[in-house]
Colleague: 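For reference, the structure I am asking about is given below.
Quick caveat, the model's predicted, so the values are computed rather than measured. The figures here come from the full heavy-atom set of this structure, side chains too, leaving out hydrogens, waters and symmetry mates. By convention in this document, chain letters (A, B, ...) are assigned in the order of the sequence lines, proteins followed by strands, and residues within each chain are numbered from 1.
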Number of protein chains: 2
Amino acid sequence: MQSELRKKLLDAFTHAEGEFLSGQYLADLIGCSRTAVWKHIEDLRKEGFILEAVRRKGYRIVKTPENIIPDEIRLGLKTEFLGRQIHYEESVDSTQKIAHRLAYDGAPEGTVVLAEEQLSGRGRMDRKWYSPKYSGIWMSVILRPNILPTNAPQLTLLTAVAVVQAIEEITALSPQIKWPNDILINGKKVTGILTELQAEADRVKTIIIGIGMNVNQKTDDFPENIRSIATSLSIEKGEYISRPAVIRAVLSNIEKLYLLYLEKGFYPIKLMWESYAVSIGKEIVARTLSGNISGRALGITDEGVLMIEDESGNVHHVFSADIDLSGKI
Amino acid sequence: MQSELRKKLLDAFTHAEGEFLSGQYLADLIGCSRTAVWKHIEDLRKEGFILEAVRRKGYRIVKTPENIIPDEIRLGLKTEFLGRQIHYEESVDSTQKIAHRLAYDGAPEGTVVLAEEQLSGRGRMDRKWYSPKYSGIWMSVILRPNILPTNAPQLTLLTAVAVVQAIEEITALSPQIKWPNDILINGKKVTGILTELQAEADRVKTIIIGIGMNVNQKTDDFPENIRSIATSLSIEKGEYISRPAVIRAVLSNIEKLYLLYLEKGFYPIKLMWESYAVSIGKEIVARTLSGNISGRALGITDEGVLMIEDESGNVHHVFSADIDLSGKI
């Protein structure tokens, strides 16, 4: 109940867009006394919000706290269902692990898991993902689309488009997508996406999308072995970036694309994806478990499978691989 | 370490098949003193084993305890990897839930979760599965085959064959399989199988097979609403059935078929499956989410998909449905 009131309060400040809201207005809105409103405002102050209170005008939020707290995400979040439930932790093994548990226990679609740091963050194929405290976005999103397990890779591609659009909105940078799950800026990795699923043999029960995004790391913050291939939004933009703003933009774009996907299928997502893809039309090498395939990347199929045309003109369908953009083995 | 010694000890008694093993033999085997052997024997006694100790002959197991304890399963288990790690609980929400957590945390292939009762056991489509204390087998098995998510239903069918063979071995009853996941005896359900998976978008990480088997329930033990459609091994056989013996037989048969599957693919499993299937060649109705399909069940595809030929001669491929054997809607 407490958190429901809190949501209403933050929604009201969101809609007010920096204007004052009177104590009486807030009291009517959330159905409590003006004294109770004042207590809620004090709670927000304790969490790091800076609020201005002016007699006869009411309250407005001047500044939001710098760490990610669920209220900070909710303030300004304009989604219908995505991120309406936020599970926040200071430190976790991995947000995917938490999300898997919540999902199996019946967490509603749109539930988001956020952490300030991951102690053992992982990417595809159980590769380590470096997730230091406070400097990135380590997030998992629970979706429950009625799709076949075969189509799960489409959600990776959808999320990649959403992340690119969010970065464009917030930073005006121009990220590109490297199939299947990396977002690059100036050729360096800024975001990885890990799509996992829980399913019965014949139906998907849950899609759990993990997003790891480097936001405010400096170059020296990266371990030496990934320094030449990793970057952060802050490095590329040359300024400090607000993580909550990026999270809100990512959630808002995922929701928009996901609703489009449920209504129209994968085709419109595919067109957007290809417009951001770094490899289409280029000579690439796909390193698969059963060997390397060199050739020109033609695009993706309606299922999200990469098509590569080799020099004999044969078209290979690649379900799972690492892509080398240099074009030579 | 302690549990490793315990395993060696029980393996030795398994191989002895009721013959005496000397204290010195056991001490040499597990690399400890004869006094330590005696302590291990006392521990077994505390857990409900009845052991005979005879001077100059040694020890032998006369009777094993009636509740399921991991050691009781291990005694006599002749598998290579299946059930070598047993996670046992007196009472759980569901063994699938525990298995999901263990699997995500990296539990090795072959790990088995066993419970004496499930408080919220579930079957396909989140249907309730009644799992009262001590009278059934509520078990989950963790496998990690390198297969595509599309092929996961094959593991349901494989498990159904293993369960049928185990019931035949232990009781000499003749169960039949109702596609996709029910085992019937005399037309009533004795076992349900629930295959779930954890996957990355493009590869299966874990298959978690849940098996719910009614063993020693009496007719009155079943809730009234399922009394006419459910049965137990004990009802059908007319005698008390040892759950550990059934569990060992199930694990042993799953392992045998699984190794065959990994080596030769699904085809040999499919042939066995069809030989036990109740519906093949019969008029059936498949109730799917998108409507009913009536016709003759032709068999299953290599992927485990049910084929039904309607009266116009069209063949329908059914991925997910409930089957009505009466033949009329």
Colleague: Does a donor on one side chain sit under 3.5 Å from an acceptor on the other, for B/E196 and A/Y104?
Modeller: yes
Colleague: Which atom names give the shortest non-hydrogen contact between B/E200 and A/L194, and what distance separates them?
Modeller: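 That would be CD-CD1, 3.8 Å.
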Colleague: Looking only at heavy atoms, which two atoms of A/L197 and B/A201 are closest? And how far apart?
Modeller: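 Result for this residue pair: CD2-CA, 4.2 Å.
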Colleague: More than 12 heavy atoms of other residues, nucleotides or ligands under 6.0 Å from CG of A/D105: is that the case?
Modeller: yes
Colleague: Below 4.5 Å, heavy-atom pairs only: which of B/P180, B/P153, B/P149 has the largest tally toward chain A?
Modeller: B/P153
Colleague: Only pairs of heavy atoms separated by less than 4.5 Å count here; which of A/A199, A/G304, A/S320 has the most with chain B?
Modeller: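 Highest number of heavy-atom pairs under 4.5 Å: A/A199.
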Colleague: Looking at B/L271, I'd like to know if its CG atom is crowded, meaning that more than 12 non-hydrogen atoms belonging to other residues, nucleotides or ligands lie closer than 6.0 Å.
Modeller: yes
Colleague: Sort out for me which of A/H100, A/Q154, A/Q96 touches chain B most, counting heavy-atom pairs under 4.5 Å.
Modeller: A/H100
Colleague: Kindly check if the number of other-residue, nucleotide or ligand heavy atoms within 6.0 Å of CG (B/N146) is above 12?
Modeller: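 Count not over threshold, so no.
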Colleague: Out of curiosity, B/R203 CZ to A/R124 CZ, how far, rounded to the nearest 0.5 Å?
Modeller: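 If we round to the nearest 0.5 Å, B/R203:CZ and A/R124:CZ are 9.0 Å apart.
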